[in-house]
Amino acid sequence: MNNKIRNKKEFGDFQTPDYFAIQVCEKLKNIGINADSIIEPTCGVGAFVIASRKIFPDAEIFGYEINKDYVEILDNKLSSIGNTNIHIKQSDFFSTNWKENLSKINDKLLVIGNLPWVTNSTQGSLRSNNLPEKNNFLGFKGVDAITGKANFDISEWMLIENLSWFHNKNGTIAMLVKTAVARKIIAYAKKSNAHLINASIYKINAKELFNASVDACLMVLVFDQKSTPCYDCSVFDSLNTTDCTTIGHRDGLTISNLDDYNQLKNLLGSSSIKWRSGIKHDLSSVMELTRDERGYINGLGEYVDIEPDILYPLMKGSDIGSGNEWRNKFAIVTQKAIGMDTSYIREKYPKTWNYLLSHSEKLDARGSSIYKKNPRFSIFGVGDYSFKMWKIAICSLYKNLSFRLVEPIERKPVQFDDTVYFISFNSKEEAENAYSYLTSDSVQKILNSLIFWGDKRPIKASILNLLKWEDSENHH
Ligand SMILES: C[S@@+](CC[C@H](N)C(=O)[O-])C[C@H]1O[C@@H](n2cnc3c(N)ncnc32)[C@H](O)[C@@H]1O
């Protein structure tokens, strides 16, 4: 790998364009942020150091950067524009003695910049050392609690350290970060009772600025020891707009639009209707067939002669999400319920059994351990609900809340793959009523107020299951 690319990957190296660093500092000034001291903890070639100098001329500025070539470039730039009150140091964030550095710094502190954009797993694959010592950096417990998973951005670690600087100082953190990271940090601030009094997210165009396809923002967190903390966050679509929505935490939920949530939360409650995901079989080349004029063909290009009884029409997540019609696809549904004995297929549907046997090597080798503990040729995501005739489905991977009413095909209930969530009904009337409830303005609004569209799988069963159905009858 060439050095520059490796640098980019290992050190999450995306230098901020000078003009944009100026725009950010101007924005901060416009919203009333001021600073006596400024820290740029991973300053690179110094876009934010130079912009801060320009917009906050009286502040003392401290910049740190791991890459000594960058430090040299910045030193050169500064010696030509004047470097009074600016201190740049080559330093690894994770071994910098922040406590000592901060003891010399007074209110108001502004921590500004753009931390490395890299996850620990990318670093793992590069065998990089650019990670904190797990056992002595901030105590792993705190980090674990916020990430809750193995893959996280190293900027999360850095930001948790940044937060701790405001335990007894007033000031602001203004960082360009992934929006998902910003949300996690604000949640962490709440959990750790940080003296956060105002949080904002200004969306930025990371594609245009950094050629990175990621949902990113300028996160601005204002800390004040004396005021009452508030962990709600205003979300602006750009640096230039004043319209915003407010996200926050209520009733144990993370809300993407507090106004809508407060207005419509009476639509949430316990419910007997449960959203399910579609069938999981982990071998579409064998378990899924397409019908053409010659018969059923599998994903390996083989025409397959089997009894049609346990074949069910199949719609994939992409069909549901993109509004496509059924494409003559079928799934072999070997069980009516999880764990059901499959040996009945041998007696009742010998051709199907032989087909499955002829691909048993692949079927028996399916990776997940759930297959090992269950009857041969098992599938998952089946139950009574799979066999009700009428269904309402939505694809979890698509970025819109469009439900599909799916009617039976060839007198059989349609099945889905496991990227789809659905509910099912015995009668057309029930399904139509439910569909008009789900597509009503108020239900769309309350669900939207719980969805974060920047997430990879924005539509979650846990969100859909919050909807109360008992009152839905009154709706019509
Ligand atoms: C996304 S770039 C942004 C640079 C600069 N803040 C800016 O806004 O242009 C991240 C910077 O972090 C530096 N970096 C990566 N790991 C670091 C570490 N452990 N300590 C200090 N700097 C680090 C990289 O060399 C890179 O310059």
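Treat the numbers as computed from the prediction; the structure is a model and nothing was measured. In what follows, every heavy atom counts, from backbone to side chain, and hydrogens, waters and symmetry copies are set aside. Indexing begins at 1, ligand by ligand and atom by atom, following the structure's order.
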Chemist: Show the atoms of ligand 1 that are less than 4.0 angstrom away from any heavy atom in Trp117.
Modeler: 1 (C)

Chemist: Mark up the atoms of ligand 1 that fall under 4.0 Å of a heavy atom belonging to Thr16, in ascending order.
Modeler: 7 (C), 8 (O), 9 (O)

Chemist: Met175 and side chain to side chain contact (heavy atoms under 4.5 Å, CB included): which partner among Val181, Leu159, Ile185?
Modeler: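 The side chain to side chain contact (heavy atoms under 4.5 Å, CB included) with Met175 is passed solely by Leu159 among Val181, Leu159, Ile185.
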
Chemist: If the condition is side-chain contact (heavy atoms from CB on, under 4.5 Å), which residues does Asp58 pass it with, not counting sequence neighbours?
Modeler: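 side-chain contact (heavy atoms from CB on, under 4.5 Å) list for Asp58, sorted by chain: empty.
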
Chemist: Test Ile50 against Lys77 for side chain to side chain contact (heavy atoms under 4.5 Å, CB included), laying out the working first.
Modeler: CA-CA 9 Å; Ile50 291 166; Lys77 284 193 208 168; 3.7 Å; yes

Chemist: Have a look at Thr42, Val177, Thr96 and point out the one with the heavy atom closest to atom 5 (C) of ligand 1.
Modeler: Thr42

Chemist: Counting only heavy atoms, tell me which of Asn114, Asp18, Ile66 gets closest to atom 14 (N) of ligand 1.
Modeler: Ile66

Chemist: For Ser396 and Ile459, which heavy atoms make the closest approach, and how far apart are they?
Modeler: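 Scanning both residues, the minimum pair turns out to be CB-O, 3.4 Å.
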
Chemist: So, does Glu65 use its side chain to make a donor-acceptor pair with the main chain of Gly44 at under 3.5 Å?
Modeler: yes

Chemist: Taking 4.0 angstrom as the limit and counting only heavy atoms of Asp92, give me the atoms of ligand 1 inside it, by number and element.
Modeler: 18 (C), 19 (N), 20 (N)

Chemist: Under a 4.0 angstrom heavy-atom cut-off, which atoms of ligand 1 come close to Tyr70?
Modeler: 27 (O)

Chemist: Would you say ligand 1 has an N or O under 3.5 Å from any N or O of Gln15?
Modeler: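 Yes; at least one N/O pair falls below 3.5 Å.
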
Chemist: What do you reckon, does Leu176 put a non-hydrogen atom under 4.0 Å from ligand 1?
Modeler: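 The answer is no, since Leu176 has no heavy atom less than 4.0 Å from ligand 1.
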
Chemist: Excluding sequence neighbours, so at least two apart, what forms side-chain contact (heavy atoms from CB on, under 4.5 Å) with Thr172?
Modeler: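 Checked Thr172 against side-chain contact (heavy atoms from CB on, under 4.5 Å); matches are Ile33, Leu110, Val220, Val222.
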
Chemist: Please verify whether a non-hydrogen atom of Phe48 lies at under 4.0 Å from ligand 1.
Modeler: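 Yes; Phe48 lies near enough to ligand 1 that a heavy-atom distance drops under 4.0 Å.
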
Chemist: Please check if any side-chain donor atom of Asn168 sits under 3.5 Å from a side-chain acceptor atom of Trp165, or the reverse.
Modeler: no

Chemist: Is Ser91 in contact with ligand 1, taking contact as a heavy-atom separation below 4.0 Å?
Modeler: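 The answer is yes: ligand 1 sits under 4.0 Å from a heavy atom of Ser91.
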
Chemist: Given Glu288, which partner from the list Gln415, Lys316, Lys329 fulfils the side chain to side chain donor-acceptor pair (under 3.5 Å) test?
Modeler: Lys316

Chemist: Give the single entry among Met175, Glu40, Glu65 that approaches atom 26 (C) of ligand 1 most closely by any heavy atom.
Modeler: Glu65

Chemist: From the options Leu176, Ile61, Ile38, select the one residue that forms a side chain to side chain contact (heavy atoms under 4.5 Å, CB included) with Phe48.
Modeler: Leu176

Chemist: Look only at interatomic distance and state if Ala47 has a nitrogen or oxygen under 3.5 Å from any nitrogen or oxygen of ligand 1.
Modeler: no

Chemist: Is it the side chain, the backbone, both or neither of Ala21 that has a heavy atom closer than 4.0 Å to ligand 1?
Modeler: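 It is neither; nothing of Ala21 touches ligand 1.
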
